[in-house]
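Lettering of chains follows the sequences in order, A, B, ..., and the numbering in each one begins at 1.
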Amino acid sequence: MPELDKNYNHLNVEQKRYKQWEESGFFNPDKLPTKNKKPFSIIMPPPNANGSLHLGHALTIAIEDTIIRYKRMRGYKTLWLPGADHAGFETQVVFEKKLEKEGTSRFEILKEKNGREKLYQMIWDFTQKNKLQMEEQIKKLGASCDWSREKFTLDPSIIKIVYETFKKMYDDGLIYRDYRIVNWCPKHQTALSDLEINWEERNDKLYYVKYYLENDPKKFITVATTRPETIPGDFAIAVHPQNKLYKNFIGQFVINPLIHNRKNYDDKIKVISDPLVDKDFGTGALKITPAHDAVDFEIGKKHNLPLDYQIIDWNGKMNNLAGELEGLKVMEAREKAIEILQKTGALEKIEDYTHQVSVCYKCKTTIEPLPRAQWFIKMTAKPKSGNKSLKDLAIEAVKTKKVVFVSKKFEKVFYHWMENIRDWNISRQIIWGIPIPIYYCENCGKEIVYIKNGQPKKCPHCNHSKFIKETDVFDTWFSSGQWPYATLNYPNGKDFKNFYPTDVMETGWDILFFWVARMIMFGMYNTKKTPFKYIYLHGLIRDKDRQKMSKSKNNVIDPLGIIDLYGADALRFSLIVGNAPGNDPIISEEKIRGYRNFTNKIWNASRFVLMNLNDFDNKTTPLLSKNDKEILKDLKNLIKDVTKDMDNFNFHIASEKLYQYFWHVFADKIIEQNKERLQNKKERATAQYLLITVLETSLKTLHPFMPYITEEIYQMIPTKNKKKFLMIEDWPQKI
RNA sequence: GCGCGUAUAGCUCAGUGGUUAGAGCGUCCGUUUCACAUGCGGAAGGUCGUUGGUUCAAAUCCAACUACGCGCACCA
């Protein structure tokens, strides 16, 4: 019998065991000796290759590894496929911060010769370094994923599939380029999707500005606006068609109160009517600045107003069309505009006004709505080859239960978002990403989708042979949205045939729209199937004060530091127990320490059993007492219960039951009761049998949650028909 | 504006109609002898937000209310 330390020391165990598991090849389903040939697969949400792992990642790994290890023990051919995400915009933002610290910027590098290529290479190297580090962290957590199948979102095989999807959607009429108002971040110099902006409440002012009639300078129409600096870009005043107040103004002209002698345009502004205008807001009259507001742009389009008269540039400064405001930043321009309006008497009054302003979700810079040509995906239109829109496909998949949310509440949230979805802007003006495979003919200007290497030889429209390449790249979610089938080598790969649709998608609820919804749409559109059967959404980890963990708040628990202190098993268990799916778990070091104590309990109870097995013969038939039988019956019932919980994704309940049982039934009662029997010659063998049976069964059921310590002890106990690893043992069903 | 959710011990949370409502941490008392002081024995601590309903039975199902949290949204 080996001499065991008095306290469990995870440092002696974890690395050694992981190496053995990995070398065994059993992480790979093809090498797994399984009775039951049924496949079971999970695609790991690929962490962003732009930093180290945080507790949220540890939670993902803990839950998914628990599921995978459980299913593996149930005899499934289990595949858990790891990967990493280039994470376009997110990574570029992180990298730019790094550049800033080094005293330079993305724009400086882009100025250099081949700057674009150079910057791309720099970020590439950065992500590859991070990726290696992340892999090590995932291994430390004990993740039994198949590293031989690992993928990166910029692998050529992935890009190929992403391009083919783009081409298919383009040919299907779902992809189009349009000039319209986009969410522009002046700091990051890119457009953002509707999901990438946040809304902040601001206490601003509402300015009431008079626009005098051209023909009758005594009469005027008052407009309420929060953005007087955009007045130089006004091309109409719009009122509701049924608004009696302004009936006589419709069709007349007013004079722009802020600018005169506009380039190429009159200073006269027509009063028009449009049902989009709210009769009851402000004065009921709306100034129309097509290039600087989404609603105005829509109205402008309908009424044939100039849409590209942009008076704010891409840096958020007033340009030379802004008259006296030229050169000022937007906020400065606002003050200046008010000054001028006040002087000319055009300012009627100012009111306090609280409203929502959109900001960049990364840098909090106020979003500038600006017109720009962008690539979009139609969400509500039918493709040429089918009769259901992406929106309809996704809604139908959930309605028909092809995909099921483990927490029902997210189903409702999903529907709500889906019902109101608008077209998706997939172009980003950044360099870190997959280029949109489009060329514009230099001659006829038409766009050509070209997804092979190199560039098109001849323009199919005019036979010209010179092209300009699109410089925009895809929104990162356009590629990660295709992750489940792309990683499995769609459409002809063996893995795709064996493992698609995958079984569970487990990820944080914060990316339900960004990622999960898009995966469902892409999966349904491309493969006609949902990419997964169940969606398990976990919460966002908070600290003791309910705060989201972030570096700036200095409340981050570093998973690696915690693992070094208390072990991966303790961390994993504390992430699982009491954490119902979908709720935001609160994790403190005290909780983790508490479950570290549990690992020690397991260690010592096992140590006690092992200390008393030197003469144990696993072939003798035990003489079980009534009480012994009762104990085994209870254990059987526990397993039944726990198995049911595991099948229903109730890991938080299963883990707690196992904890209760091991500590307060096995250690407190069963071991105590049998201490005396072990001293009794007649009863010793039976007591040994009972103890080792309960211990072995407990180890098996605890293994998915605490893989390291259970494996370590399993390797030491003398039981019948032992497998090479506990990892590939059978989940206990009969005792 | 539209929608979703939460309220259980001092704190943070589990609890899938059925004994005496649980866990981690914390508090108090006792305890180092042969598995474990990262332990053991014991104790204090709960009108399960409020009110009403359904039921033989409600923390659990339903409704309203109160408080809090969150998501979505082109009201200038």
Engineer: Looking at B:G15, I'd like to know if its phosphate oxygens (OP1 or OP2) sit under 4.0 Å from a side-chain N or O belonging to A:H652.
Structural biologist: yes
Engineer: So, A:K675 and A:E683, do they make that salt bridge, N to O below 4.0 Å?
Structural biologist: no
Engineer: Could you pick out which residue, A:A580 or A:A224, lies toward the 5' side of RNA chain B when each is mapped onto its nearest nucleotide?
Structural biologist: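 Going by which nucleotide is closer to the 5' end, it is A:A580.
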Engineer: Between A:D204 and A:R202, is there a side-chain N and carboxylate O pair less than 4.0 Å apart?
Structural biologist: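 Salt bridge absent between A:D204 and A:R202.
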Engineer: So does A:K6 get a side-chain nitrogen or oxygen closer than 4.0 Å to the phosphate oxygens (OP1/OP2) of B:A37?
Structural biologist: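 Yes, A:K6 has a side-chain N/O under 4.0 Å of OP1/OP2 on B:A37.
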Engineer: Just how far, in rounded Å, is C1' of B:G39 from OH of A:Y8?
Structural biologist: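 Atom OH in A:Y8 sits about 18 Å away from atom C1' in B:G39.
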Engineer: Does A:N597 put a side-chain nitrogen or oxygen below 4.0 Å from OP1 or OP2 of B:G39?
Structural biologist: yes
Engineer: Do you see a donor-acceptor pair shorter than 3.5 Å between the side chains of A:H538 and A:N579?
Structural biologist: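 There is no such pair between these side chains.
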Engineer: May I have the distance from A:I299 (atom CD1) to B:C75 (atom P), rounded to whole angstrom?
Structural biologist: 13 Å
Engineer: Between A:K287 and A:D234 (salt bridge meaning N to carboxylate O under 4.0 Å), is one present in this structure?
Structural biologist: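 A:D234 and A:K287: salt-bridged.
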Engineer: Would one find a side-chain N or O of A:W663 under 4.0 angstrom from OP1 or OP2 of B:C40?
Structural biologist: yes
Engineer: Side chain of A:F281, heavy atoms from C-beta onward: which of B:C36, B:C75, B:C25 has the nearest atom to it?
Structural biologist: B:C75
Engineer: So what's B:C11 paired with, Watson-Crick or G-U wobble, going by both distances under 3.5 Å?
Structural biologist: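 Looking at the geometry, B:C11 pairs with B:G24.
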Engineer: OP1 or OP2 of B:A76 versus the side-chain N and O atoms of A:Y207: is any pair under 4.0 Å?
Structural biologist: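 So the side chain of A:Y207 is outside the cut-off, no N or O lying under 4.0 Å from OP1 or OP2 of B:A76.
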Engineer: Under 4.0 Å from OP1 or OP2 of B:G15: is there any side-chain N or O of A:K657 that close?
Structural biologist: no
Engineer: Strictly by Watson-Crick or wobble contacts shorter than 3.5 Å, is anything paired with B:C61, and which nucleotide is it?
Structural biologist: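 Base partner found: B:G53.
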Engineer: Looking at A:Y659, I'd like to know whether one of its side-chain N or O atoms comes within less than 4.0 Å of OP1 or OP2 on B:G24.
Structural biologist: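 Checking B:G24 against A:Y659, a side-chain N or O does come within under 4.0 Å of OP1 or OP2.
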Engineer: Between A:D615 and A:R684 (salt bridge meaning N to carboxylate O under 4.0 Å), is one present in this structure?
Structural biologist: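 Judged by the 4.0 Å cut-off on N to carboxylate O distance, A:D615 and A:R684 do form a salt bridge.
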Engineer: Without decimals, in angstroms, what is the distance between A:R596 CZ and B:C36 P?
Structural biologist: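 Taking CZ of A:R596 and P of B:C36, I get 16 Å after rounding.
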Engineer: For A:D668 and A:H355, take the nucleotide of RNA chain B holding the closest heavy atom to each; which residue's nucleotide lies nearer the 5' end?
Structural biologist: A:D668
Engineer: Output the single nucleotide from B:C36, B:C13, B:G5 whose closest atom is nearest the side chain of A:K412.
Structural biologist: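 From the listed options, B:G5 comes nearest.
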Engineer: In whole angstrom, give the distance that lies between atom CG of A:L610 and atom C1' of B:C36.
Structural biologist: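 These atoms are roughly 14 Å apart.
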